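Below is one structure, written out as structure tokens; the observations come after it.
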Amino acid sequence: MDDRKFSVLIAGGGSTYTPGIVLTLLDHMKDFPIRKLKFYDNDAPRQKRIADATRIILKERAPEVEFVASTDPEEAFTDVDFVMAQIRVGKYAMRDQDEKIPLAHGVVGQETTGPGGIAYGLRSISGVIELVDYMEKYSPNAWMLNYSNPAAIVAEATRRFRPKSRIINICDMPIDIMDRMAAIVGLKDRNDLVFRYYGLNHFGWWTDIRDKTGKDLMPEIKKYVAKNGYWVGGEFDKNTEASWESTFKKAADVYALDPTTLPNTYLKYYLYPKYVVEHANPHHTRTDEVREHREKFVFDECDRITKNGTARDLTFKSDEHSTYIVDLCRAIAYDTKQRMLAIIPNYGAIENIDPTATVEVPCLFGANGAERLAMGQADTFQRGLITEQNCVEKLAVDAWEQHSYTKLWQAFSLCKIVPDAEVAKEILDDMIIANKDYWPELK
Ligand SMILES: NC(=O)c1ccc[n+]([C@@H]2O[C@H](COP(=O)([O-])OP(=O)(O)OC[C@H]3O[C@@H](n4cnc5c(N)ncnc54)[C@H](O)[C@@H]3O)[C@@H](O)[C@H]2O)c1
Ligand SMILES: O=P(O)(O)OC[C@H]1O[C@H](O[C@H]2[C@H](O)[C@@H](O)[C@@H](O)O[C@@H]2CO)[C@H](O)[C@@H](O)[C@@H]1O
Ligand SMILES: [Mn+2]
């Protein structure tokens with residue numbers, strides 16, 4: 001290691017994930033030292049509650065780190081080495097609509113999947129492009145690690161509209177699943193696994209998983225998943241909410257469809273939409289749970305720290321979301337060539353998939369960003385699913401670019417979880433009204 005210290009900006013400072021990242025950054029001061037921590041958000045009061053607590057945490061644990069929280073792009077994006085982006089354009093109020101509008105029509109209502117995911121995509125594109133432009137203007141040598149969802153649509157948009165920008169789109173779902181796989185086979189964590197994985201974001205499969213000696217772990221993991229899905233239980237899952245428990249368990253049924261691979265949990269929405277709708281409460285969806293639990297917990301805890309003037313007894317913790325993004329920054333900063341997943345243009349990584357598709361594959365992370373690894377050919381089942389879903393994502397970005405009602409109707413209709421074009425149109429027309437402050441006006 002050299003004597004560099006880094007300046008990190010969290011864009012979406014008011015995110016519920018911000019305190020976890022702050023703690024992880026502090027845990028890594030020895031192997032990823034920071035000199036400055038900055039927050040940027042366009043909602044000043046929301047960001048302030050997290051910033052006030054963060055100021056106290058830093059004062060107690062790393063007083064040498066300079067801290068800035070701002071809603072001014074120039075102040076926030078100047079003198080930055082890494083931008084960690086996690087904005088939610090439209091916030092939970094709009095996520096609520098993404099989930100409840102499709103459900104009212106008997107269709108899966110989900111943050112990043114189906115009509116809800118497309119609606120969120122059309123809100124996110126301009127928000128994330130704006131962040132990229134601020135970074136290029138005020139800190140052109142910085143890298144952006146972007147979590148802002150729906151990452152598949154955002155990544156397709158940045159591939160097309162900002163092809164040279166230093167943004168790398170990422171997801172924590174496979175990371176969480178790999179921590180589970182490690183627990184299943186008795187290893188410490190995901191970093192003990194050597195894996196092959198391919199697909200789209202929230203739409204992929206593992207084809208090979210080994211330990212560091214080369215021992216094939218797939219048979220043992222498959223045997224476990226066939227029975228339990230990715231549910232580990234016990235101490236590992238003591239804080240996992242009931243809806244995530246159901247998703248991790250449902251992976252057993254997703255796995256059954258192709259026992260040659262291990263699936264991403266999100267495939268349940270595409271392969272078992274009838275089950276998902278039957279088990280949903282159209283009046284109380286995942287957004288309500290997040291507001292009642294994670295959002296309430298994070299903001300209450302920040303307010304408590306601020307009121308007490310101390311964070312000595314804080315209960316925030318590092319998790320896979322925060323450790324992954326810090327691992328990625330460290331790999332880029334020190335050119336470690338660590339092998340981790342990213343959502344990037346295909347260009348041959350999956351041989352028999354459109355080269356311009358935006359895929360999720362392992363990459364080597366270093367000073368030049370993410371270098372994709374070749375994952376070979378997708379099998380016919382995967383190729384069919386990927387091709388259809390990638391066209392949905394491309395049509396959504398076409399619709400945003402061309403302000404096209406027809407392209408968006410096509411995207412909704414092509415989507416596997418929407419039963420027919422008439423239902424697609426009904427959902428779309430409701431969503432146009434709900435998103436009038438965010439979407440381009442469609443012609
Ligand atoms: N890729 C992944 O695997 C992954 C994992 C977890 C969360 N996420 C994403 O991270 C984001 C944050 O999630 P959350 O639940 O903490 O949401 P949140 O609503 O708590 O936080 C998002 C913040 O973004 C701010 N914001 C919205 N639009 C903005 C804009 N144009 N410019 C600046 N700030 C803006 C909001 O004011 C809010 O403070 C979401 O996009 C979520 O989907 C992604
Ligand atoms: O419904 P939410 O807001 O709780 O989560 C939506 C996000 O889900 C994934 O991330 C999960 C992670 O995989 C899970 O195990 C847990 O640890 O929390 C994470 C965030 O809640 C997914 O990768 C994200 O894209 C979603 O935004
Ligand atoms: Mn994700």
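Keep in mind that what you see is a predicted model, and the values were worked out from it rather than measured. All ligand and atom numbering here is 1-based and tracks the order in the structure.
Using 4.0 Å as the threshold, Q47 has no heavy atom nearer than that to any atom of ligand 1. Ligand 1 lies out of reach of N146, whose nearest heavy atom is not under 4.0 Å from it. Contact between E111 and ligand 1 is present, with at least one heavy atom of the residue lying under 4.0 Å from the ligand.
With respect to the Mn ion (ligand 3), H202 has NE2 as its nearest N, O or S atom.
Considering every non-hydrogen atom in both S243 and E289, the closest pair reads OG-OE1, 2.7 Å. For the residue pair G109 and L103, the shortest heavy atom distance occurs at N-CG, 4.0 Å. Scanning both residues, G12 and T18, for their nearest heavy atoms gives O-OG1, 3.3 Å.
Checked by distance only, ligand 1 and A151 stay at 3.5 Å or farther apart across all their nitrogen or oxygen atoms. Of the polar atoms of E130, none of the N or O atoms is found under 3.5 Å from an N or O of ligand 1, judged by distance alone. Where the criterion is an N or O separation shorter than 3.5 Å, residue side chain and backbone included, H202 fails it with respect to ligand 1. Of the polar atoms of G12, none of the N or O atoms is found under 3.5 Å from an N or O of ligand 1, judged by distance alone. The shortest N/O to N/O separation between R88 and ligand 2 does not fall below 3.5 Å.
Residue contact check: D43 has heavy atoms under 4.0 Å from atoms 37 (O) of ligand 1. Ligand 1 places these atoms under 4.0 Å from at least one heavy atom of K91: 36 (C), 37 (O). Proximity to S148 (heavy-atom distance under 4.0 Å) selects the following atoms of ligand 1: 41 (O). The atoms of ligand 2 that sit less than 4.0 Å from any heavy atom of E320 are 15 (O), 16 (C), 17 (O). Counting atoms of ligand 1 from 1 in the listed order, those under 4.0 Å from a heavy atom of R294 are 15 (O). Atoms of ligand 2 found under 4.0 Å from any heavy atom of H202, numbered from 1 in the order shown, are 22 (C), 23 (O), 24 (C), 25 (O). For ligand 2, the atoms lying closer than 4.0 Å to a non-hydrogen atom of N149 are 24 (C), 25 (O), 26 (C), 27 (O). Numbered from 1 in the order shown, with element, the atoms of ligand 2 that lie under 4.0 Å from a heavy atom of R286 read 1 (O), 2 (P), 4 (O). Close approach of ligand 1 to C171 is summarised as follows: ligand atoms under 4.0 Å from at least one heavy atom of the residue are 1 (N), 2 (C), 3 (O). Ligand 2 places these atoms under 4.0 Å from at least one heavy atom of R294: 2 (P), 3 (O), 4 (O), 21 (O). Applying the 4.0 Å criterion to heavy atoms of C171 picks out, from ligand 2, the atoms 23 (O). Near F248, with a cut-off below 4.0 Å to any heavy atom, the atoms of ligand 2 are 15 (O). Residue-ligand proximity, Y40 to ligand 1, at heavy-atom distances under 4.0 Å covers atoms 33 (C). For ligand 1 and H321, the ligand atoms under 4.0 Å from any heavy atom of the residue are 5 (C), 6 (C), 7 (C). Counting atoms of ligand 2 from 1 in the listed order, those under 4.0 Å from a heavy atom of R95 are 1 (O), 2 (P), 3 (O).
Looking from atom 6 (C) of ligand 2 to the surrounding protein, the closest heavy atom is E111 OE1, 3.4 Å. Summary of contacts: the protein heavy atom closest to atom 10 (O) of ligand 1 is Q86 CB, 3.8 Å. Nearest protein heavy-atom neighbour of atom 5 (O) of ligand 2: W244 CZ2, 3.5 Å. Atom 39 (O) of ligand 1 has D41 OD2, 2.7 Å as its closest protein atom, hydrogens excluded (heavy atom only). Looking only at heavy atoms of the protein, atom 3 (O) of ligand 1 is closest to D172 N, 2.9 Å. Given atom 7 (C) of ligand 2, the protein heavy atom at minimum distance is Y266 OH, 3.7 Å. In terms of protein heavy-atom proximity, atom 19 (C) of ligand 2 is closest to D172 OD2, 3.6 Å. Closest to atom 15 (O) of ligand 1, if we only count protein heavy atoms, is Y92 OH, 2.5 Å. Nearest non-hydrogen protein atom to atom 20 (C) of ligand 2 is Y17 OH, 2.7 Å. For atom 18 (P) of ligand 1, the nearest protein heavy atom (residue, atom name, distance) is R46 NH2, 3.6 Å.
Checking L131, T71, V128, N149 against atom 8 (N) of ligand 1, the nearest heavy atom belongs to N149. Comparing heavy-atom distances from atom 33 (C) of ligand 1 across N42, T112, I343 singles out N42 as nearest. By heavy-atom distance, the residue among Y147, Y17, Y120 lying nearest atom 9 (C) of ligand 1 is Y147. Between atom 22 (C) of ligand 1 and the options R95, R291, M173, R88, the minimum heavy-atom separation is to R88.
Side-chain N/O atoms of H202 and E360 include no donor and acceptor closer than 3.5 Å. Under 3.5 Å, the side chains of T71 and Q47 contain no donor-acceptor pair of N or O atoms. Side-chain contact check for T306 and D303: no donor-acceptor pair (N or O, by modelled atom type) lies under 3.5 Å. Side chains of K38 and S7: a donor-acceptor N/O pair is absent below 3.5 angstrom, by distance only. No donor-acceptor contact under 3.5 angstrom links the side chains of T315 and R304, judged on distance only. Between S70 and D72, the side chains place no donor N or O within less than 3.5 Å of an acceptor N or O (distance only, hydrogens not considered). A donor and an acceptor atom, one from each side chain of T247 and K268, are located under 3.5 Å apart.
Here the straight-line distance linking atom OH of Y147 with atom CE of M84 works out to 9.0 Å at 0.5 Å rounding. Rounding to the nearest 0.5 Å gives a distance of 11.5 Å between CG of L131 and CD of E136.
Listed for the Y272 side chain is a donor-acceptor partner under 3.5 Å among the backbone atoms of D253.
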- Message: S322 vs D319, test: side chain to side chain contact (heavy atoms under 4.5 Å, CB included). Steps then yes/no.
- Response: CA-CA 6 Å; S322 57; D319 57 14; 3.1 Å; yes

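With R286 as reference, E241 is the one residue of E99, E111, E241 to meet the salt bridge (charged side-chain N to carboxylate O under 4.0 Å, His left out) rule. Considering T24, L26, L25 as possible partners of H28, the one that fulfils the side chain to side chain contact (heavy atoms under 4.5 Å, CB included) test is T24.
Below 30°, between 30° and 60°, or above 60°: for Y269 and Y266 the angle between ring planes is between 30° and 60°, a tilted geometry.
By the 6.0 Å contact criterion, NZ on K222 is enclosed, its count of non-hydrogen atoms from other residues, nucleotides or ligands being greater than 12.
When heavy-atom distances to ligand 1 are checked against a 4.0 Å cut-off, N201 has no atom that comes that close, whether in backbone or side chain.
In this structure, R372 fails the cation-pi test against Y347, since its NZ or CZ atom is not both closer than 6.0 Å to the six-membered ring centre and inside 45 degrees of the ring normal.
Taking the six-membered ring where the residue is Trp, the centroids of F297 and H293 are separated by 6.0 Å or more.
Under a 4.0 Å N-O distance rule, the pair K100/D288 qualifies as a salt bridge.
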